[in-house]
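FYI, side chains are in, hydrogens and waters are out, and symmetry mates aren't considered; it's all heavy atoms of this structure. The residues of the chain are indexed from 1 along the displayed sequence.
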Amino acid sequence: QVQLVESGGGLVQPGGSLRLSCAASGFTFSAYGMSWYRQAPGKERELVAGISSTGGSTNYAESVKGRFTISRDNAKNTVYLQMHSLKPEDTAVYYCKRRGGYWGKGTLVTVSS
C-alpha cells in the first residue's frame, strides 16, 4: 500500500533552516509528481511546493518562493523540502502528498525564538 513518511521537522529560530524528507513506498515513485502542503493552526491546508515525476518541473507558493526548494531522489524514493530564512509564519504541520489523495501524517515545524 502507498505509504508516505515525513521527517525532519522541529524547532528552529527565525532565519534558520530545515530540510524535510518524505520517504515513499508501495508505488512506483518515479512515475508520480509529488507535493508538499502545510497547515498552520486555525488555517486551511495550503500547497507549498510541487515537483514533477522527473524533477524537471517545480512550482511554489508565492509566500515561499526564493526561500524553499523542493527536490527528489528517485533512486531513494524520497522527496525533500529545503527551507531557508524561516519565519514564524512558516510554523505549521508539513505534509507530503501524492496524486490520488495519498497523504503522509505530517511533521511539525515550529519557527520561534
What distance separates [X] [atom1] from [Y] [atom2], expressed to the nearest 0.5 Å?
{"X": "Met34", "Y": "Ser53", "atom1": "CE", "atom2": "OG", "answer": "11.5 Å"}
{"X": "Ser57", "Y": "Ile51", "atom1": "OG", "atom2": "CD1", "answer": "8.5 Å"}
{"X": "Thr69", "Y": "Tyr80", "atom1": "OG1", "atom2": "OH", "answer": "14.0 Å"}

Q) Does CD in Glu44 sit with more than 12 non-hydrogen atoms of other residues, nucleotides or ligands closer than 6.0 Å? A) no
Q. Side chains of Tyr94 and Arg38: donor-acceptor distance under 3.5 Å anywhere?
A.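 Yes, side-chain donor-acceptor contact under 3.5 Å.
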Q) Under the side chain to side chain contact (heavy atoms under 4.5 Å, CB included) test, which residues partner Asn59, sequence neighbours left out? A) Leu47
**Q.** With sequence neighbours excluded, residues passing side chain to side chain contact (heavy atoms under 4.5 Å, CB included) with Asn74
**A.**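 Only Phe29, Ser30, Arg72 meet the side chain to side chain contact (heavy atoms under 4.5 Å, CB included) criterion with Asn74.
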For [X], give me all partners under side chain to side chain donor-acceptor pair (under 3.5 Å), at least two apart in sequence or on another chain.
{"X": "Lys43", "answer": "none"}
{"X": "Ser17", "answer": "His84"}
{"X": "Arg67", "answer": "Asp90"}
{"X": "Gln1", "answer": "none"}

Q) Is Met83 close to Val64 at the side-chain level, that is, under 4.5 Å between some pair of heavy atoms? A)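 Val64 vs Met83: side chains apart.
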Q. Which salt bridge (Lys or Arg N to Asp or Glu O under 4.0 Å) pairs, counting each pair once, include a residue from residues 12-24, with sequence neighbours left out?
A. none
Taking only residues at least two apart or on different chains, which pairs with a member in [range] satisfy disulfide (SG to SG under 2.5 Å)?
{"range": "residues 35-86", "value": "none"}
{"range": "residues 33-76", "value": "none"}
{"range": "residues 45-113", "value": "Cys22-Cys96"}

Just list the side-chain donor-acceptor pairs under 3.5 Å for residues 99-113, sequence neighbours left out, or say none.
| unit_1 | atom_1 | unit_2 | atom_2 | d |
| --- | --- | --- | --- | --- |
| Thr107 | OG1 | Gly9 | N | 3.1 |

(Q) I need the full list of ring pair (Phe, Tyr, Trp, His ring centres under 6.0 Å) pairs touching residues 50-69, with sequence neighbours left out, sorted by first then second residue. (A) none
